[in-house]
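Written out below as structure tokens is the structure these notes cover.
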Amino acid sequence: MRRRPSLTVVVLIALATGLAAVTWGQSVSGEYKIGVLEPLTGPLAGEGKRHLEGFEIVRDMINERGGVMGKKLAFVVADAPDPTAAASEATRLITRENVKIVTGTYSSRLCGAASEAAARHNVIYWETSCVDPRFNKRGLKTVYRTEIDATGFGWYNIEFIVKHLAPRFNLKPGQLKIAFISEDSSYGQGVTESAVARAKELGLQVVAPVEYYNFQTINDMTPIIVKLKQLAPDVVHHIAYTNDAPLFWRQAREQNFQFKALVHAGATGYGGSDFGKAMGNDGNGVFALLEPGPGFKLDSLKPDGQKIEKDFRDAVQKRTGSYPLGAHQLAGGGLWLLKLVLDKAQSDDPEKFRSAVMSFDLPVGTMINGWGVKFSETGQNSNDRVQHYMLQWQNGQLVTVWPEEFTTNRAKWIPLGAWDARK
Amino acid sequence: MDPARRLGRAQIDVFAQLGVSTVLLGGIYALIAVGLTLIFGIMRVVNFAHGEFLMLGMYLAFWAYTLLALDPYFVLFVSIPVFYGVGLVTYVLVMRGVIHASHNVQIFTTVGLSTALQNLALVLWSGDFHTVRPWHASTPIRLGGTAFNLSQVVAFVIAIALTVLLFAFMRWTHTGRVMRATAQDREAAVLMGIDTDRVYRLTFAIGIAAVGAAGVLVSPLYAVYPTAGLQFVLLSYVVVVLGGLGDMVGALIGSLIVAAVEVAGSYFFGTAWKEILYFVLFIGVLVFRPAGLFGQRGAENLGV
């Protein structure tokens, strides 16, 4: 005769099943994990950490608004100080952490290697910041980029120089002399080559071959400055990465190198907050093509865009105490778009995800940063939807100055006066 | 037209400026290289963490300037004893254990130390680029057709003074003689009753004190960040090998040569060429004069 199970056993079994049900239940309606890859150590760590901050701010915004696909969005963060680490960490996130989506990686030195690894595993790679033009030209079906590519940067810069600066210098495009200096990573080269091509198309006088240098080993820019000074360009187009921006600016001042404007693109070098901290008012007048900064008019956006842009600015303000930096805007803007895509696809299956991405067609002014959305078959958000803005350093702050319909601020110091007279 | 080929007053100014830039840049390289050549020459240890001690010197200047508003030139006097102490501690904790080990072990140890210090700085002070801007950093001096920065001149003068001082110390003091003896033959030095451990400790501490001071001096000129040392350290190995291991005056002249190659190369060929040019020079020296331009013949084999 079999003994009936005692009450204790019954209770224990019931408890265990209950517990299991609770944990099981949590993982169903619970978390959705994606991999976040940024350089958190090494020479790129400064911007990499700000990107991570941008991701975290928007992750919290997303979770306050229902998460993604009905789940709470969570990150598995990995450190990618160099291209080798970017590839191996992307692989680790995919094989060990089982993520189906990897996002990151800020730098054009890293995004190529990281996305290659993701594509090999048929995992979605969602790039928010790098601008290397080769990124979307490899035929990888699971690789997307929300940010403009470097050819777009070069195009916008020359557009600004020809349409806005040249008339204010009283010069026709054909009379305008321009010199190019650039750091030699794929980012600098990508932007500079497209700018040079566009400048030649429009008949600008390019005074010398592009002066490339390695931003990690450049210790003296005087030889470049001395050389350029003799060629007397009106505009210096300088793509800088980090400390090379303050170094050039300080030494140009020492050498009394007079040009009418300096134009940069991207959230590095002159576009990074460290330049303002280093130079203060002495940095006055430098232009950097970026995401919108102070002066950006909310009411120039569509109603949807106004709301999300305002919520985003408030969230960044709450966390950092300041207006969003370029790194916050790239990471944040990109992650918010990922949420929209996931909500539409309701799946991280590469095929379904892809058709959801391709179905978006939003005009400029509907997203964070005033962006629109229209992806090409290569996985690149189209350059003319990723609206960019010219910012200028004015008394220690980068403010939006162009296109003028988007901003309340106006460009100053055109042309740049004597070095000590830019107050 | 190639700007370099234009004749006249403007061209003379250009060459004067390139000359001044060479001398001042060479001064900065020498400042960093003297400590390295001392450690390299006497201990026969390639200190791959040299750049990180430079970075720590830069941070010392930065924090002293930001928190206490102290001018880097004042901090300089504090930095020498501070980094002497740092050198002693590092020697006792890290270097002593590997001083008699193979070169591979020493390389791994100092590379490891370098990575550890970079990441310590990153954790403590973040990856942001900081700048120290005392009044002299933004004071251009114009002389004839040339322009330069007061901070650079001071760095140059101190580099010369430091080189002369270390040279005299090595040449004419008893301790200097003991250090040279140890460098020439470790075993024989022990037999002569020299406490080699003490010599190494002293050498390392002096070397680190020199590079710490160099960090303070270059802080007004370059951005301060955790990997700032990497910007200079590869270059200082070239300088040290060029000048001959352990040779102070050689390091100074080697610095000037490297700076001249860099400045002239940047001007005539383009900045992208500068590393190719000075590494070609480096390889040339290794092939034709393996002991360095000023090193003693056979010195390259000492202690290996």
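For clarity, every value in this text was computed on a predicted model and none was experimentally measured. Naming convention: chains lettered A, B, ... in sequence-line order (proteins, then strands); numbering from 1 in each chain.
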At a heavy-atom distance under 4.5 Å, which candidate from Phe148(B), Trp273(B), Phe232(B) has the highest pair count against chain A?
Phe232(B)
With a strict 4.5 Å heavy-atom criterion, list every residue of residues 320-331 of chain A that contacts chain B, or say none.
none
Most contacts with chain B, counted as non-hydrogen pairs under 4.5 angstrom, among Gln216(A), Gln255(A), Met279(A), Lys277(A):
Gln255(A)
Under 3.5 Å, is there a donor-acceptor pair linking the side chains of Gln231(B) and Asn243(A)?
yes
Between chain B and each of Lys229(A), Gln251(A), Arg253(A), count heavy-atom pairs under 4.5 Å; write down the option with the most.
Arg253(A)
Taking atom CZ of Phe279(B) as the centre, report whether more than 12 heavy atoms of other residues, nucleotides or ligands fall under 6.0 Å from it.
yes
Minimal non-hydrogen separation, Lys49(A) against Leu122(B), with atom names
NZ-O, 3.9 Å
Which region of Leu235(B), side chain (C-beta onward) or backbone (N, CA, C, O), has a non-hydrogen atom less than 4.5 Å from a non-hydrogen atom of chain A, or is it both or neither?
side chain
Any chance you could measure Met221(A), atom CE, to Ser266(B), atom OG, to the nearest 0.5 Å?
9.5 Å
Check Ser21(B) against Asp220(A) and note the closest heavy-atom contact, atom names and distance.
CB-OD2, 3.8 Å
Are the side chain of Tyr222(B) and the backbone N or O of Asn219(A) linked by a donor-acceptor pair below 3.5 Å?
yes
Between the side chain of Lys274(B) and the main-chain N/O of Thr217(A), is any donor-acceptor distance below 3.5 Å?
yes
To the nearest 0.5 Å, what is the distance between CZ on Arg250(A) and CZ on Arg133(B)?
9.0 Å
Comparing Asp184(A), Val210(A), Asp282(A) against chain B, the one with the most heavy-atom pairs below 4.5 Å turns out to be Asp282(A)
Under 4.5 Å from any heavy atom of chain A, what part of Asn119(B) do you find: side chain, backbone, both or neither?
side chain
Using heavy-atom distances under 4.5 Å, tell me whether Ile218(A) contacts chain B through its side chain, its backbone, both, or neither.
both
If only side-chain N and O atoms count, and only distance matters, is there a donor-acceptor pair under 3.5 Å linking Tyr225(B) with Asp274(A)?
no
Looking at Gln118(B) and Gly42(A), would you say the former's side chain and the latter's main chain have a donor-acceptor pair under 3.5 Å?
no
Could you tell me which portion of Ala228(B) (side chain, backbone, both or neither) has an atom closer than 4.5 angstrom to a non-hydrogen atom of chain A?
neither
Just wondering, are more than 12 heavy atoms of other shown residues or ligands nearer than 6.0 Å to CZ in Arg142(B)?
yes
In terms of heavy-atom proximity below 4.5 Å to chain A, should Thr227(B) be classed as side chain, backbone, both, or neither?
side chain
